[in-house]
Amino acid sequence: MLLQIVKRDFQRNKIITLVLFIFILLSALLMAAASRMIMELSGSLNHLLAQSKAPHYVQMHAGPLDRETVQRFVSEQPLIADQQTVEMLGIDGSHLFLGPSGQSEENSVMDIGFVRQNPSFDLLLNLENQVIQVAAGEIAVPIYYMQQHHLKIGDPVRIASGTFEQEFTIAHFVRDVQMNPSIVSSKRFVVNDDDFRTLQGNLGEIEYLLEFQLTDLSRLSEFSNAYQASDMPNKGPAIDYSLFKTLNALTDGIIAIVIILVSFLLMLIAVLCLRFTMIATMEEDYREIGVMKAIGIPQQEIKRIYLAKYTVIAALSSLGGYLISLAVMRLFTANISLYLGAAPNSWLKHTVPVLAVCLIIGMVILFCRMILRRLSRISAVEALRSGTVHEKHSGARWLKLDKRKYMKVNTFLGLKDLMARISTFTLLLFVYVICVFIVIVPVNLLNTLQSPGFVAYMGVGQSDIRIDLQQSKDTEQRFERLTAAIDNDPEIKRYSPLITSRFKVLGGDGVWENLNVESGDFSIFPLSYTSGAAPGTNNELALSDLNARELNKKVGDTLVLLVGGAEKEMKVSGIYQDITNGGRTAKAQLPHDPNSVLWYVVALDVLPGVSLQAKMDQYADAFYPAKITHLQSYLSQTLGNTISQLKLVTLLAAGIGLSISILITSLFLKMQLAKDSPQMAIMRSLGFTRQDIRMQYLVRLLLISVAGILFGILSAGTIGQSLVGLLGSFMGASRIQLVVNPAAAYLLLPAALLLVVTVTTLVSSRSRGTSNITKQIVA
């Protein structure tokens with residue numbers, strides 16, 4: 001009997017059942033896909049870290065290396081389980097030609113390094129996560145370049161500098177646990193020992209990676225402090241195991257979180273839609289419910305009848321979503337598989353998506369039970385006597401037609417009915433708000449990543465060109481020649497020389513730690529500070545967001561730096577956001593010691609009309625091997641992978657948002673037209689045409705959609721902004737300000753939603769309303 005009732009109810013409300021089915025299916029699909037994506041990401045990353053024997057602490061160092069100092073530190077430090085010093089040969093991109101096209105990497109923002117396979121840990125792996133071994137004349141190329149230039153095994157790689165030229169054949173593509181992600185602006189190529197020595201003798205400069213594995217990873221912070229307090233080589237950034245994990249997980253982790261957010265919003269729409277449809281169904285069955293109560297059927301049994309239908313819908317749609325997720329999973333995990341490799345099979349990888357889908361089923365059933373409490377309010381006597389629920393109309397008595405002579409009758413009646421039954425339309429309002437939110441937040445996030453202003457979150461001011469000089473034998477002399485040339489260049493509008501040095505800072509636990517401090521004039525290309533301002537005197541210092549949190553400092557606090565061998569108290573003048581160098585930097589106006597300089601930078605703007613590319617080529621030739629970067633090109637190359645994936649998510653979100661608007665609008669109209677049939681029959685008998693009635697419904701829905709758009713834009717700018725800030729905090733930019741494209745956010749997307757609502761209303765009211773109205777008149 002129960003199955004017969006459920007089956008008959010399905011047949012009676014096919015459209016409602018289909019809409020609910022689709023919403024729950026989409027939510028289950030995205031939830032299963034995102035949870036599987038997170039499990040794949042976690043499993044693949046942990047597998048890569050294990051297979052590559054990832055180092056726990058790495059100190060990069062440019063310049064002469066005192067190996068005896070390193071050996072002495074290793075012998076005296078009980079936390080060290082293993083240590084190796086890796087030689088990396090830095091080669092300018094203009095000397096590297098990849099693939100059959102033979103195009104050079106002259107305009108690449110990546111620092112290109114050639115290395116040999118490491119002997120004991122930090123192993124460089126191929127696409128099967130096997131340790132790479134290359135023969136003479138072969139080369140292993142980072143995955144980043146394979147993806148950028150569509151390279152394949154057997155393609156040539158040529159290195160040419162002056163009279164020296166050597167050609168390699170691609171034998172492998174490299175998974176590099178340190179430098180895998182595109183956001184890391186350094187990449188390692190692997191060559192044979194003999195080829196490495198040949199290259200070293202003809203071009204490039206050696207940079208060292210001092211790598212350590214510890215006996216106890218939980219004591220990494222203790223080891224880091226001990227290293228920084230020692231006289232070990234430190235002319236370069238230091239990175240650790242936790243940063244490796246964060247950088248490798250960043251891109252796909254953000255995408256997974258965005259997908260989960262969309263899934264939860266879809267689930268919210270589904271339960272709101274469920275509430276509306278269940279209440280509407282109970283109103284339609286008002287007399288039948290009264291009959292069942294009158295003949296003695298227990299209330300729990302009546303609840304079972306209604307609950308059975310929605311349990312079946314939830315179970316079937318969630319199962320469908322899960323099965324579809326298995327079919328399309330490759331789309332979600334392709335990037336993970338490429339950069340990190342396939343995760344080994346584990347029961348969690350398969351169990352967690354199933355649990356996520358079960359959670360959705362449980363939420364639907366729980367929500368149904370909450371709604372079915374309304375059955376206790378239905379009186380058998382009242383239901384049998386009236387047969388319908390008496391809807392209360394209030395809230396629009398102030399709206400009089402004679403006081404609104406400028407308003408057309410259909411507009412007035414649509415507005416009056418909307419105000420009188422505002423609670424009925426509240427569900428539709430919430431759905432439109434969520435639809436707008438689902439679409440606008442990803443669009444704004446995409447605009448933010450692609451905007452020129454995003455460079456502010458890299459801890460640098462916005463300029464046309466950035467010139468980097470890494471530390472070497474004559475870097476200071478080259479820096480002086482560079483600044484002199486720029487000073488005498490009539491095509492340069494303004495420039496700012498900046499010097500980054502390493503100082504010791506006294507930490508909260510009384511231990512001296514290393515702090516990379518950039519010195520210069522910060523008023524020429526100003527940063528955007530989350531609080532405070534740039535350092536104005538030599539006693540002030542600005543901290544990056546992550547450094548401020550780790551040192552537990554805020555604007556106005558003081559800290560102690562070791563400058564020129566003497567302690568100097570510095571006042572924190574401001575805090576800024578920075579996603580470079582692990583997010584741990586500082587700005588100050590301090591004298592620099594050539595022995596403690598890490599790198600030199602010059603930021604510059606050219607005059608209007610001057611070719612940026614020509615100016616970059618000019619300085620690249622004159623000051624080789626300086627790294628000349630167009631900052632917008634830097635963003636596109638380092639964040640390109642994240643942006644391309646976010647574009648797919650944005651298109652998916654836009655499609656889902658508009659589809660939801662169509663489904664909900666048609667469902668709502670179906671319910672309202674069926675409910676309002678007697679009222680429409682009366683209006684037809686008074687002379688109103690079917691077009692008049694359609695216009696009244698259109699007025700109601702357009703007003704609701706406009707309100708939904710306004711509230712959706714407001715929530716995207718507040719709640720959406722907070723969510724993006726939460727994601728940014730993991731990178732050292734907790735206050736990323738969403739960049740809004742007014743044409744898209746305030747014009748194009750709202751217009752698309754209004755068009756969808758208008759067309760759906762006209763089509764639904766025509767197809768559903770015509771025959772029903774006629775029948776009511778005849779009756």
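From a predicted model like this one, the values you see are computed outputs, not experimental measurements.
- Inspection of the S573 and Y529 side chains reveals no N or O donor paired with an N or O acceptor under 3.5 Å.
- In terms of heavy-atom proximity, A249 sits nearest to L41 at O-CD2, 3.8 Å.
- In terms of modelled atom types and a separation under 3.5 Å, the side chain of S35 and the main chain of A32 share a donor-acceptor contact.
- Looking only at distances, no side-chain donor or acceptor of Y432 sits under 3.5 Å from a matching main-chain atom of V706.
- Results of the side-chain contact (heavy atoms from CB on, under 4.5 Å) test with N447 over T650, N741, V740 single out N741 as the only residue that passes.
- Remark: T311 OG1 to I365 CD1 distance equals 4.0 Å, nearest 0.5 Å.
- Between the side chain of S318 and the backbone N or O of A315, no donor-acceptor pair lies under 3.5 Å.
- Expressed to the nearest 0.5 Å, how far CZ of F430 lies from CZ of F437 amounts to 14.0 Å.
- The line from OG1 of T585 to CG of D545 is 10.0 Å long, rounded to the nearest 0.5 Å.
- The two residues A33 and M329 come nearest to each other via the heavy atoms CA-CE, 3.7 Å.
- Note that CG of L25 and OG of S317 are 6.5 Å apart. Values are rounded to the nearest 0.5 Å.
- Side chain of T760 to main chain of T665: no donor-acceptor pair is present (N/O by atom type, distance under 3.5 Å, no hydrogens or angles).
- In this structure, CG in L658 is found 7.0 Å from CG in L753, a value given to the nearest 0.5 Å.
- Legend: side-chain hydrogen bond (donor to acceptor under 3.5 Å, both in side chains) pairs involving residues 353-370, not counting sequence neighbours: none detected.
- D557 places no side-chain N or O within donor-acceptor distance of the main-chain N or O of V572, the cut-off being under 3.5 Å.
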